[in-house]
Amino acid sequence: QVQLVESGGGLVQPGGSLRLSCAASGRIFSIGTMDWYRQAPGKERELVASITTRGSTNYADAVKGRFTISRDNAKNTVYLQMNSLKPEDTAVYYCNARIVSTGERVNDYWGQGTQVTVSS
């Protein structure tokens, strides 16, 4: 089965940086758009950034200029470089991907999430 595994979260001081990774594994035929979402306590899950197979990107206004999404198609991995982190960036970050599994239809997959805490 297809699985997405996030890594790279942790505790960082305001102004610091973190790099999140999300690797897809399993019986993968192809991967389409990949995204990063986040959900803070008491708030709705929000789209942070997305990237198409060809590399086109979109960002939430709150993270523009600070976060960079990228992907390595050969490694089936999407990254989120987070710079100039603010306390309001604290959330559980989830990766999402549209994946065509071998012998199956396209499906939407989610990682389990990784905690990012920005605090002094």
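Below, each value reflects all heavy atoms present in this structure, side chains not excepted, and no hydrogens, waters or symmetry copies. Model, not experiment: these values are computed from the prediction.
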Checklist line | Under 3.5 Å side-chain donor-acceptor pair for Y37 and S50 | finding: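 Per modelled atom types, Y37 and S50 side chains form no pair under 3.5 Å.
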Checklist line | Donor-acceptor side-chain pairing of N73 and R71 below 3.5 angstrom | finding: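 A donor-acceptor contact under 3.5 Å links the two side chains.
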Roughly how far, to the nearest 0.5 Å, is [atom2] of [Y] from [atom1] of [X]?
| X | Y | atom1 | atom2 | result |
| --- | --- | --- | --- | --- |
| I99 | N76 | CD1 | CG | 7.5 Å |
| Y94 | Q39 | OH | CD | 5.5 Å |
| R19 | F67 | CZ | CZ | 13.5 Å |
| Y93 | Q115 | OH | CD | 9.5 Å |
| M34 | L80 | CE | CG | 12.0 Å |

pair [X]-[Y]: side-chain heavy atoms closer than 4.5 Å:
| X | Y | value |
| --- | --- | --- |
| D108 | N96 | yes |
| V12 | T117 | no |
| L85 | P14 | no |
| R98 | N107 | no |
| L20 | T114 | yes |

Notebook entry, point to check: Should S17 and N83 be marked as a side chain to side chain donor-acceptor pair (under 3.5 Å) after you check the CA-CA gap, both sets of side-chain angles, and the distance that decides it?
Noted result: CA-CA 4 Å; S17 298; N83 299 324; 2.9 Å; yes
Check: More than 12 heavy atoms of other residues, nucleotides or ligands under 6.0 Å from CZ of R27: is that the case?
Finding: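 It does not: R27 CZ has 12 such atoms or fewer within range.
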Margin query: Out of the candidates I51, T68, D72, only one should pair with Y79 under the side chain to side chain contact (heavy atoms under 4.5 Å, CB included) rule; please name it.
Written below: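 Passing option: D72.
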Show the nearest heavy-atom pair for residues [X] and [Y], with the distance to one decimal.
| X | Y | value |
| --- | --- | --- |
| A91 | A40 | CB-N, 3.8 Å |
| G9 | V116 | CA-CG2, 4.2 Å |
| I31 | A97 | CG2-CB, 4.2 Å |

Check: With sequence neighbours left out, what residues match R66 under salt bridge (Lys or Arg N to Asp or Glu O under 4.0 Å)?
Finding: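 Result, salt bridge (Lys or Arg N to Asp or Glu O under 4.0 Å) vs R66: D89.
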Check residues 57-65 and write down every donor-acceptor pair under 3.5 Å in which the side-chain atom is one partner and the other belongs to a residue at least two apart or another chain.
unit_1	atom_1	unit_2	atom_2	d
Y59	OH	I69	N	2.9
D61	OD1	K64	NZ	3.2

Notebook entry, point to check: Is the charged tip of R45 near the ring of W110: under 6.0 Å from the six-membered ring centre and within 45° of its axis?
Noted result: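 So R45 does make the cation-pi contact.
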Checklist line | ILVMFWY cluster, W36 and V92 together (side-chain gap under 4.5 Å) | finding: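 No, W36 does not connect to V92 through the hydrophobic network.
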Check: Mind checking whether L47 and M82 sit in one hydrophobic cluster, side chains of I, L, V, M, F, W, Y counted as touching below 4.5 Å?
Finding: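 As far as the 4.5 Å side-chain criterion goes, M82 and L47 are not connected within one cluster.
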Name the atoms and distances for all side-chain donor-acceptor pairs under 3.5 Å in residues 1-8, with sequence neighbours left out.
unit_1	atom_1	unit_2	atom_2	d
E6	OE1	Q112	N	3.0
E6	OE1	G113	N	2.7
E6	OE2	C95	N	2.9
E6	OE2	G113	N	3.2

Margin query: Quick one: does any side-chain atom of T90 pair with a main-chain N or O of E88 as donor and acceptor, under 3.5 Å?
Written below: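 Flag not set: sc T90 to bb E88 has no pair under 3.5 Å.
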